[in-house]
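Below is one structure, written out as structure tokens; the observations come after it.
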Amino acid sequence: MVSSRRRNWFLALLFLGWALGNLDRYIMNYAVLHITEDLNLNASSTGLLLSSFFAGYAIMQLPGGWLADRFGARKVLITSVVMWSIFTGLTGAAWSMVSMIVIRFLFGIGEGGFQPASSKIISQAFPKEKRAGAMSIMLSSGGIVALIIPVLSVTLLSTIGWRTTFVIIGFIGAIIAALYWYVIKLPNSPDTENKQVSNGVKKGSFKMLFQTPMMLNLFIAYFSLYAVNWGLATWLPTYLVDVRGLDLVSLGWLQTIPGVAQLVGIYLSGYLIDKLAKGREKIVGAFACVLISILLYLMFTASTVTSFIIYQTVIMLIISFIIILLPALVLKNLPSAVAGSGMGLVNTGGQLAGFITPLAIGFIVEAFNGSFNAAFWMLIIFAFICAVALLTINFEKGELLTKKSEEASAS
């Protein structure tokens with residue numbers, strides 16, 4: 001059993017790693033304003049560039065989860081950080097659209113194993129009643145990054161440039177990988193861990209994972225929610241500059257307001273979700289998604305920038321709750337033996353959305369001569385789909401999978 005002190009160290013390092021991964025992803029949404037000028041990209045090419053990371057990231061989700069279950073989460077975690085650090089640094093050396101797309105795709109492959117592996121570490125190190133709280137703390141680093149990135153990106157991009165910025169981020173990643181190697185050591189030896197995994201997986205748990213209806217609902221919910229989240233994250237800076245007429249400095253400061261809301265929402269969500277009675281989570285989550293769809297409509301039809309930012313702030317507050325709710329449902333309803341694979345499976349949906357949505361918005365905006373209206377309607381529909389997916393979840397077969405895995409491990 002992992003001591004409370006060691007758990008805190010693990011969580012602190014996972015927090016730092018997730019913060020760095022989000023830093024790279026978010027800063028690209030601002031750096032792309034400079035990159036498009038340097039590489040002469042149109043809206044469709046920009047969408048392809050923003051999506052290339054998510055293509056690699058999505059492809060690696062399920063293999064990353066399986067590798068964490070099969071060979072140990074620590075090995076996958078360290079390999080993931082090393083790979084993404086290399087390709088983050090190489091982003092600054094890109095010389096053409098093709099080279100940039102290839103590098104960002106490989107960066108996505110590298111980072112793809114991080115969340116399944118880190119989720120498995122949380123599943124192994126924390127008791128069930130503390131997993132949602134631990135997940136919320138780790139993911140809150142994304143909220144902190146979202147808070148500081150508008151101002152930080154404007155400062156870095158206007159002083160040292162986008163190329164040097166990515167090189168520095170890659171160097172920081174190498175330091176974090178070294179800390180993971182030194183500090184994160186789970187109590188079970190690889191042989192013991194693999195034997196336990198083998199008992200749970202080879203006797204049918206892994207196969208049952210793909211036959212569990214709950215996983216399909218969560219896959220759809222992940223896809224729909226992250227279509228909204230990454231659709232807004234990747235294209236709002238461009239929208240606010242091109243359509244609402246903001247300059248980069250004003251954009252940077254105004255976007256810290258939704259960032260604060262997201263950070264507060266993430267911290268509160270873990271506590272609230274752990275307090276919800278089993279079965280109530282899906283009802284609360286579905287209601288939250290319906291609210292998101294309504295607020296998205298009010299946001300894109302807002303007559304002033306002030307009202308736009310107010311609606312965006314409330315949307316990010318609610319999205320942060322769903323972002324914590326979805327992985328919490330996985331960790332609370334699946335056995336630890338397949339926690340990595342389960343997280344990889346459902347998170348594949350989220351990262352496919354990260355690939356498809358920015359690309360789709362780019363084509364939509366170009367097709368409608370610069371108008372974002374159709375893109376916003378697409379996001380509204382996705383929020384509603386997320387509500388339906390959550391409301392219709394059946395947890396019974398997830399419980400059956402847990403019992404079967406426990407019986408296999410005991411035999």
Side-chain angles (χ1 to χ4, degrees), residues 25-26 28-30 32-33 36 42-51 54 146 150 220-246 250-251 254-259 261-262 265 285-323 349-390:
R25 279 182 275 178
Y26 280 112
M28 173 56 76
N29 302 330
Y30 293 85
V32 75
L33 296 169
T36 51
N42 57 25
S44 298
S45 298
T46 301
L48 183 59
L49 170 58
L50 292 171
S51 295
F54 292 99
I220 294 171
Y222 258 84
F223 183 95
S224 303
L225 177 72
Y226 279 91
V228 176
N229 185 61
W230 286 113
L232 294 176
T234 53
W235 279 100
L236 268 190
T238 301
Y239 170 82
L240 289 171
V241 170
D242 293 350
V243 178
R244 297 284 179 163
L246 294 181
S250 299
L251 171 67
L254 284 174
Q255 286 303 292
T256 61
I257 300 172
Q262 186 175 26
F287 177 73
C289 289
V290 171
L291 280 180
I292 291 173
S293 65
I294 295 171
L295 290 166
L296 280 169
Y297 174 78
L298 295 174
M299 183 179 76
F300 94 83
T301 58
S303 57
T304 66
V305 171
T306 300
S307 56
F308 183 98
I309 297 298
I310 291 173
Y311 289 126
Q312 184 194 355
T313 300
V314 180
I315 288 170
M316 296 313 300
L317 182 65
I318 300 173
I319 283 179
S320 65
F321 173 79
I322 309 297
I323 284 176
Q351 306 318 316
L352 281 174
F355 167 68
I356 293 171
T357 309
L359 185 60
I361 291 176
F363 283 113
I364 289 170
V365 170
E366 193 165 317
F368 286 88
N369 298 317
S371 172
F372 282 78
N373 289 354
F376 276 110
W377 276 111
M378 179 181 70
L379 300 184
I380 290 170
I381 292 170
F382 275 128
F384 187 77
I385 292 172
C386 184
V388 174
L390 284 173

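Between Phe384 and Ile380, every side-chain heavy-atom pair lies at or beyond the 4.5 Å cut-off. Counting heavy atoms from C-beta on, the side chains of Thr238 and Val365 never come closer than 4.5 Å. Taking the side chain as every heavy atom from C-beta outward, Thr313 and Leu317 never approach each other to under 4.5 Å. Counting only heavy atoms from C-beta outward, the side chains of Leu232 and Met299 approach each other to under 4.5 Å.
One finds the OG1 atom of Thr301 at 7.0 Å from the OH atom of Tyr311 (value rounded to the nearest 0.5 Å). To the nearest 0.5 Å, atom CD of residue Gln312 and atom CG of residue Leu295 are 11.5 Å apart. The structure places CH2 of Trp230 at 12.5 Å from CD1 of Ile361, a figure rounded to the nearest 0.5 Å. Separating the OH atom in Tyr222 from the CD1 atom in Ile322 is a distance of 11.5 Å, to the nearest 0.5 Å. Note: Ile310 CD1 to Ile257 CD1 = 8.5 Å, rounded to the nearest 0.5 Å. Summarising the geometry, atom CD1 belonging to Ile309 is positioned 7.0 Å from atom CG belonging to Leu246; distances are rounded to the nearest 0.5 Å.
When all heavy atoms are compared, the tightest approach of Pro358 to Trp235 is O-NE1, 3.0 Å. A pairwise comparison of heavy atoms in Phe223 and Ala353 identifies O-CB, 3.1 Å as the closest pair. The two residues Cys289 and Ala383 come nearest to each other via the heavy atoms CB-O, 3.4 Å. For the residue pair Leu379 and Ala227, the shortest heavy atom distance occurs at CD2-O, 3.4 Å. Closest heavy-atom contact between Ala221 and Ala389: N-CB, 3.9 Å. The minimum heavy-atom distance between Ala261 and Ser320, with the atom names listed, is O-OG, 4.5 Å.
For Tyr239, the OH atom counts as densely surrounded, since its 6.0 Å shell holds more than 12 non-hydrogen atoms of other residues, nucleotides or ligands.
In this pair, Tyr297 and Phe300 present their aromatic rings perpendicular. The plane angle is above 60°, beyond the 30 to 60° band.
Sorted by first then second residue, the side-chain hydrogen bond (donor to acceptor under 3.5 Å, both in side chains) pairs that include residues 356-375, not counting sequence neighbours, are Ser44-Glu366. Applying the side-chain hydrogen bond (donor to acceptor under 3.5 Å, both in side chains) test to residues at least two apart or on different chains, none of the pairs has a partner in residues 380-390.
Here the options are Ile323, Ile385, Ile220, Leu390, the test is side chain to side chain contact (heavy atoms under 4.5 Å, CB included), and the partner is Leu225; only Ile323 passes.
Take Phe287 and apply the ring pair (Phe, Tyr, Trp, His ring centres under 6.0 Å) test, not counting sequence neighbours, and it matches no residue.
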